[in-house]
Amino acid sequence: MSTDHRSKSKKLRRRDNDDFDDRWGDEEDDGFEESVRSPKRARLDVRSPTPPDEDADTVDQRERMEFEKRLKDRDKKDSGRPNKREQAELKEPTASLADLRLRSRQEYLKKREAEQIALLRQQVAEEEEEARRSKEKLTSAELRDFKKNKELLRLALERQRVDEHTDGYQLPTDYIDESGKISRQKRHDALYQRYVDRDDQGRERYVTEAEEWEKRQTEMAKAQVTAPLSRADVNRDDYEFVFDDSQAVKFIADAPLPGARKNMTREQLLFEERVAEAEKKAASIEEVRKSLPMYQFRDQLLQAIADHQILVVVGETGSGKTTQIPQYLHEAGYTKRGIVACTQPRRVAAMSVAARVADEVGCHLGNEVGYSIRFEDKTNPEKTVIKYMTDGMLLRELMSEPDMGKYSAIMLDEAHERTVSTDILMALAKDVARARPDLRLIVSSATLDAQKMSAYLDNCPIFNIPGRTFPVEIMFTAAPEANYLAACVTTIFQIHISQPLKGPTGTSGDILVFMTGEDDITAAVENVQETARKLGSAIPELQVLPLYASLPSEEQAKVFTPTPAKVRRCIISSNIAETSVTLPSVNFVIDPGFAKENVYNPRTGMESLVVSPISRASANQRAGRAGRTGPGTCLRLYTRHAFYNEMEESTTPEILRAPLHSVLLTLKALGVNDLLDFDWQDPPHQDNVIAALSQLYAVAFLNHEGRLTQNGRKAAEIPVKPEAAATLLASAKYGCVDEVITILSMLGESGALFYRPKNQKLQADAARARFTVKEGGDMTTLLRVYQEWEESDYSYVWCRENFIQQKSLNRVRNVKEQLVKLCDRIEIAPSSCGASNVGPIMKAFAAGFFPNAARLQKGSSGEASYRTVKTGVSVAIHPSSVLYTDPPKWLLYYELVMTSKEFMRSVCPLEPAVLVEVAPHYHKMKDLEKLGMDRKMPKETGKSAVGSRL
DNA sequence: GAGCACTGC
């Protein structure tokens with residue numbers, strides 16, 4: 001086709017592969033149609049070569065081709081105005097693609113409605129039964145719920161009846177003419193009004209939605225194609241990028257990730273899955289529980305737990321360990337002696353698993369089975385016997401109850417993820433177990449780490465439970481890929497073109513691509529969309545969706561909707577899809593082998609996000625995401641050699657990468673005094689421990705013996721970083737507790753607070769500038785944002801108008817409420833200094849953040865450069881700060897981050913005299929004066945250099 | 001004039 005197109009596609013070209021593996025993109029000259037289902041293709045397709053939905057596909061294809069032929073014929077005939085008969089025919093809604101899609105959607109909705117009503121009916125029946133059984137025990141809230149459901153069911157049934165009588169749709173009265181009949185003409189006019197177009201001679205012609213779409217796409221692609229593309233028209237030369245064999249990424253198959261269903265033929269797998277599905281539908285909860293791989297090991301497991309105080313359980317995904325083990329312990333009577341706790345690294349996991357187990361046990365969530373996470377405690381002290389909780393929550397509980405007295409068994413789930421909290425809990429629980437022989441500790445781990453975990457836990461036995469996942473075929477590239485973004489895009493289309501839309505067992509053939517961050521994800525999404533657009537109707541529709549944590553919720557929700565029929569979905573995601581989010585319809589995973597990792601430098605106190613290669617454990621976790629609902633394929637954009645020789649076995653535990661201030665304070669509060677000799681699974685670097693300890697000493701949370709002071713004990717209760725806790729404690733003295741609490745809550749979210757849509761950057765910046773309160777820098781500006789939101793009565797509209805993420809502000813509100821409650825507990829009296837009174841607030845911040853002081857460097861041309869007082873590191877104000885354009889001589893920073901360079905994020909101005917006043921043990925006026933003087937230039941010049949920037 | 005992977009209290 002056009003050279004223009006060719007040159008564009010060259011951007012995506014990476015290297016010429018002489019020996020091309022015919023598993024991918026081996027088009028012969030037998031045309032596109034053939035190649036899609038060629039027997040050769042079936043080699044990659046380890047499952048059935050003829051998918052079960054083939055018939056539907058062919059029918060649709062035929063309809064589509066017929067439709068396209070009709071369109072073409074009509075275009076040819078269209079030299080004169082169509083006669084009446086033709087016109088009528090054209091106006092008749094033919095089975096256009098849009099119509100088909102709409103119809104299938106409607107059918108789907110209808111089916112779904114029926115299902116929902118059936119569910120609701122069942123629920124109401126159950127509730128009525130329960131109400132009969134236990135009238136006096138039900139709370140009024142429950143009764144209200146029951147009543148609501150009943151009403152909902154009544155309305156739904158009523159609506160259904162209306163539908164039955166009126167053929168589903170009602171036309172507005174406008175479409176009914178004077179005689180009371182439905183006017184066909186009027187209706188057609190309305191339907192096609194939008195699509196009336198004029199040809200070059202100014203004659204009217206009707207354009208369907210599909211045509212219009214094609215036209216738009218063709219124009220946008222600037223392709224020199226005049227007729228709409230159809231499969232038959234595709235000239236392979238035009239689409240070099242997709243069809244040129246030399247451009248395809250070459251993959252080599254590796255031994256598949258076995259899954260639990262190894263050694264099964266395709267037919268067996270198919271059969272198994274059908275059986276499983278049938279079971280799921282028919283079986284009662286009890287039967288489902290018995291069908292889990294766990295069940296046949298129940299007695300053995302309970303015996304092992306009875307015999308051994310500590311046990312490592314290796315339960316693969318889908319084994320049901322998280323839901324079943326606590327129930328088994330309950331059934332075996334452990335809950336008579338105390339609560340069975342199960343920790344999770346994530347809040348959603350704790351909530352959803354608890355809900356599931358409550359369902360299985362047959363109780364209301366929050367009674368016998370409950371969960372406890374930050375901001376939400378859904379347990380009942382008298383009733384709850386199985387408690388799911390986040391690891392951090394259990395750690396916090398231990399501060400007031402170090403012997404874990406109320407628990408009879410503790411299960412640390414997902415311990416292989418090695419969060420700081422799980423690591424510390426493991427060490428503490430191991431210790432407590434020595435003193436409490438009745439306590440049972442179960443640690444769940446992945447296969448890879450089980451040995452190490454067991455060695456750490458006094459060589460306790462390892463209990464293996466098989467999982468229920470499908471095998472995943474692993475492919476490596478033959479040679480390293482230089483540009484992983486381009487390689488991803490190429491691979492996506494290799495899959496899309498060569499693989500059937502549906503998996504062999506009827507599961508969806510969706511693609512999941514792992515990218516490092518928002519930027520890459522956006523770029524990849526645009527690239528894939530652009531390429532798909534150029535190909536037009538030559539390929540099946542490809543729906544591309546991004547997924548990452550800071551994406552607005554409504555955008556995120558899209559990936560959880562069912563993939564439409566005849567469409568392949570391609571989700572381009574950050575690491576969020578590795579553990580936090582499960583996408584069941586994924587059959588192909590593309591793994592470039594990178595992720596962003598947080599690196600902390602204890603010497604400078606600087607954090608940075610670095611793109612680094614992932615570990616083998618991570619890579620296998622990613623691959624496993626392709627085998628949730630059926631056998632899958634994982635395409636790794638790195639070589640087998642790199643996998644085994646260049647990648648680490650497992651991800652560096654968080655404790656080796658994170659700042660330790662808060663962790664050490666927590667440990668001290670738990671009574672651990674000798675930190676360097678603490679029984680770490682992986683001891684943190686000494687530099688880091690020492691840096692953290694000296695910081696805690698500086699804010700007087702530790703005394704010279706390294707013991708917790710009274711303030712330190714209070715600070716350990718406050719879930720913010722130690723400098724912030726010190727600020728909060730100091731605010732009582734300066735009478736600005738309320739303001740400081742608000743600011744500290746805001747600072748935690750300040751990064752994700754403002755959003756700047758690409759097309760409204762100026763408006764967003766203007767809205768943001770409106771909040772600026774220069775005297776107190778970012779701190780008072782944040783205060784003002786919160787206060788205005790509060791005044792708007794926490795309005796959603798207000799957030800939208802000011803380009804602020806409401807999700808973030810809601811979190812701020814939660815944190816603030818929690819801090820207020822905590823202040824009451826640790827006896828900090830509420831006080832307020834008034835919004836316009838910046839002085840006390842600045843003093844409180846200086847009292848907590850005094851180690852984070854920086855001095856403007858003079859003589860530096862261009863951008864204002866600072867030097868940190870304590871470490872002498874060269875840093876700059878982050879451009880998102882309100883002080884960026886007006887840098888003060890002295891300032892305090894909340895945190896240091898390294899991105900494109902070293903930045904201070906969230907800063908406030910500072911008087912050096914205040915620094916000496918609040919921290920005389922740390923800062924001496926003499927030293928500060930020395931810093932303020934410049935060797936080369938007199939003081940005045942420095943000042944005017946700043947002044948000239950205004 | 002920059003930009004934030006993901007959790008958790």
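Since the model is a prediction, treat every value here as computed from it, not as a measurement. So that the names make sense, note that chain A is the first sequence line, chain B the second, and so on, each numbered from 1.
The residue A:Ala595 sits apart from the nucleic acid: no heavy atom pair falls under 4.0 Å. When heavy atoms are screened at a 4.0 angstrom cut-off, A:Glu518 is found touching the sugar-phosphate backbone but no base atom. Residue A:Asp519 is classed as having no contact, given no heavy-atom separation below 4.0 Å to the nucleic acid. Nucleic acid contact for A:Arg346: sugar-phosphate only, since backbone atoms but no base atoms lie under 4.0 Å from a heavy atom of the residue. Nucleic acid contact for A:Arg418: none, since no nucleic acid atom lies under 4.0 Å from a heavy atom of the residue. Among the protein residues, A:Thr419 comes within range of no part of the nucleic acid, since none of its heavy atoms lies under 4.0 Å from any strand. Across all strands, A:Leu609 comes closer than 4.0 Å to base atoms (heavy-atom distances).
Look at A:Glu417 and A:Arg346 and you find a salt bridge, because one of the NZ, NE, NH1 or NH2 atoms lies within 4.0 Å of a carboxylate O, short of that distance.
For A:Tyr894, the side chain to side chain donor-acceptor pair (under 3.5 Å) test picks out no residue, with sequence neighbours left out.
With hydrogens and angles ignored, the 3.5 Å screen pairs no side-chain donor or acceptor of A:Arg625 with any backbone N or O of A:Leu583.
DNA chain B is contacted by A:Gly392, A:Met393, A:Arg396 of residues 391-402 of chain A, taking any non-hydrogen atom closer than 4.0 Å.
An OP1 or OP2 oxygen of B:dC9 is reached within less than 4.0 angstrom by no side-chain nitrogen or oxygen of A:Ser421. Here A:Thr579 does not reach the OP1 or OP2 of B:dT7: none of its side-chain N or O atoms lies under 4.0 Å away.
Each of A:Asp520, A:Asn575, A:Thr516 was evaluated against A:Lys596; a single residue qualifies, A:Thr516, per the side chain to side chain contact (heavy atoms under 4.5 Å, CB included) test.
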Just distance, no hydrogens or angles: give the donor-acceptor pairs under 3.5 Å from side chains in residues 722-730 of chain A, sequence neighbours left out.
from: A:Glu723; atom 1: OE2; to: A:Gln695; atom 2: NE2; distance (Å): 3.1
from: A:Thr727; atom 1: OG1; to: A:Glu723; atom 2: O; distance (Å): 2.9

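Side chains of A:Ser874 and A:Glu902: a donor-acceptor N/O pair is absent below 3.5 angstrom, by distance only.
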